[in-house]
Amino acid sequence: MKLFFSLVLAVILNLSLAYAQLFRTGLSAGISTAQYDGDNYSGYNKLGLCAGGFLNTKLNEKWTFQFEIIYVQKGAIRNPNPAKNYFNQYALKLNYMEVPLLFQYSHKKVVFESGIGMGALIKEKEEVQYADITGVRPFNKTELSFNAGLNYMINDDLVINWRYTHSILPVRP
């Protein structure tokens, strides 16, 4: 999987240098809020980092195709809260390298986006009652996801992005 991502990155860099007028590259960084379906702990309580790069090309005046390679921290967390009569602790930390493929539609300063993504799990950690149970129920090493988002263009070089990502396939058996 590392070889795959290295090859993809090399192709992108070569294409962007050779066809700079056709492709636009950039960096992205932000905060990820995540929840894991099936853990019985509702809510987006797990904060994580996301960072990476993108390559896009205009298809026409309104449509753009964007390819990304991003590192994303996902998971779930629930700490004891005796005031709410909850005494259990749970933490799930999943680190992914993801490759979203997005179609974007521009309307003035707003850009709508949608597409699919492929992720490779690079690290996992799970604990219950502060005891490490990583690997007891292992996670799938790859993920296929649906992505939908909204961008607000502050200027040509700065964009605020909100993106919803949901796994199409279960992340573990």
Side-chain angles (χ1 to χ4, degrees), residues 1-13 25-56 65-82 84-104 111-151 159-173:
M1 196 51 94
K2 289 179 186 177
L3 178 62
F4 170 75
F5 284 120
S6 298
L7 289 172
V8 168
L9 184 59
V11 168
I12 289 171
L13 290 175
T25 60
L27 299 175
S28 64
I31 296 173
S32 165
T33 58
Q35 91 167 9
Y36 171 70
D37 290 343
D39 64 1
N40 297 322
Y41 306 112
S42 62
Y44 291 86
N45 301 319
K46 168 73 173 82
L47 289 179
L49 299 176
C50 58
F54 67 86
L55 171 83
N56 67 27
F65 175 74
Q66 183 158 299
F67 169 91
E68 299 178 358
I69 297 178
I70 53 175
Y71 169 80
V72 182
Q73 295 176 326
K74 299 179 181 181
I77 193 162
R78 181 78 180 254
N79 291 314
N81 188 344
K84 293 186 177 181
N85 207 25
Y86 186 80
F87 301 97
N88 296 322
Q89 181 272 343
Y90 178 77
L92 174 62
K93 299 174 185 176
L94 303 171
N95 297 341
Y96 284 92
M97 287 301 296
E98 294 186 353
V99 179
L101 304 173
L102 305 165
F103 286 96
Q104 300 175 322
V111 178
F112 303 94
E113 63 184 15
S114 183
I116 61 168
M118 172 94 176
L121 181 63
I122 55 175
K123 186 176 180 185
E124 65 183 90
K125 182 174 173 83
E126 187 173 24
E127 60 182 46
V128 173
Q129 299 302 93
Y130 303 102
D132 188 347
I133 62 166
T134 304
V136 172
R137 290 186 56 221
F139 287 82
N140 295 328
K141 298 300 180 196
T142 58
E143 174 193 39
L144 182 64
S145 62
F146 166 76
N147 298 272
L150 183 68
N151 299 295
V159 177
I160 296 174
N161 173 264
W162 173 85
R163 184 178 299 159
Y164 174 79
T165 302
H166 192 85
S167 293
I168 296 170
L169 302 174
V171 294
R172 75 168 150 196

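Everything numeric here is computed off the predicted structure, so don't read it as measured data.
- A distance-only check finds a donor-acceptor pair linking the side chain of Q89 to the backbone of Y130 [under 3.5 Å].
- Across every non-hydrogen atom of P173 and P138, the tightest pair is CD-O, 3.6 Å.
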Exercise for the section: For salt bridge (charged side-chain N to carboxylate O under 4.0 Å, His left out), just list the numbers for E124 and R137, CA-CA rounded to whole Å, side-chain angles, deciding distance to a tenth of an Å, and then say yes or no. Expected result: CA-CA 11 Å; E124 65 183 90; R137 290 186 56 221; over 6 Å; no
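- One finds the CD atom of E113 at 8.0 Å from the CG atom of L150 (value rounded to the nearest 0.5 Å).
- A donor-acceptor pair is defined here as one N or O able to donate and one able to accept, closer than 3.5 Å; such a pair exists between the side chain of T134 and the backbone of E126.
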Exercise for the section: Given side-chain contact (heavy atoms from CB on, under 4.5 Å), test L94 with E143 step by step and report yes or no. Expected result: CA-CA 12 Å; L94 303 171; E143 174 193 39; over 6 Å; no
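- Sparse packing is recorded around CD1 of I31, with 12 or fewer heavy atoms of other residues, nucleotides or ligands lying under 6.0 Å away.
- Separating the CZ atom in R172 from the CG atom in L92 is a distance of 6.5 Å, to the nearest 0.5 Å.
- Of all non-hydrogen atoms in P170 and N140, the two that sit nearest each other are O-ND2, 2.9 Å.
- Taking each heavy atom of N147 and G117 in turn, the nearest pair found is ND2-N, 3.4 Å.
- In this structure, the separation between OH on Y96 and NZ on K123 is 14.5 Å, given to the nearest 0.5 Å.
- Under a 3.5 Å cut-off, the side chain of N95 and the backbone N or O of Y71 do not form any donor-acceptor pair.
- We find the CD1-CD distance between I122 and Q73 to be 9.0 Å, quoted to the nearest 0.5 Å.
- Heavy atoms only, all atoms of each residue included: S32 and C50 are closest at N-SG, 4.4 Å.
- Summarising the geometry, atom CE belonging to M97 is positioned 12.5 Å from atom CG belonging to L121; distances are rounded to the nearest 0.5 Å.
- How far OH of Y90 is from CD of E127: 10.0 Å, rounded to the nearest 0.5 Å.
- Considering all non-hydrogen atoms of both residues, F54 and E68 come closest at CB-CG, 3.7 Å.
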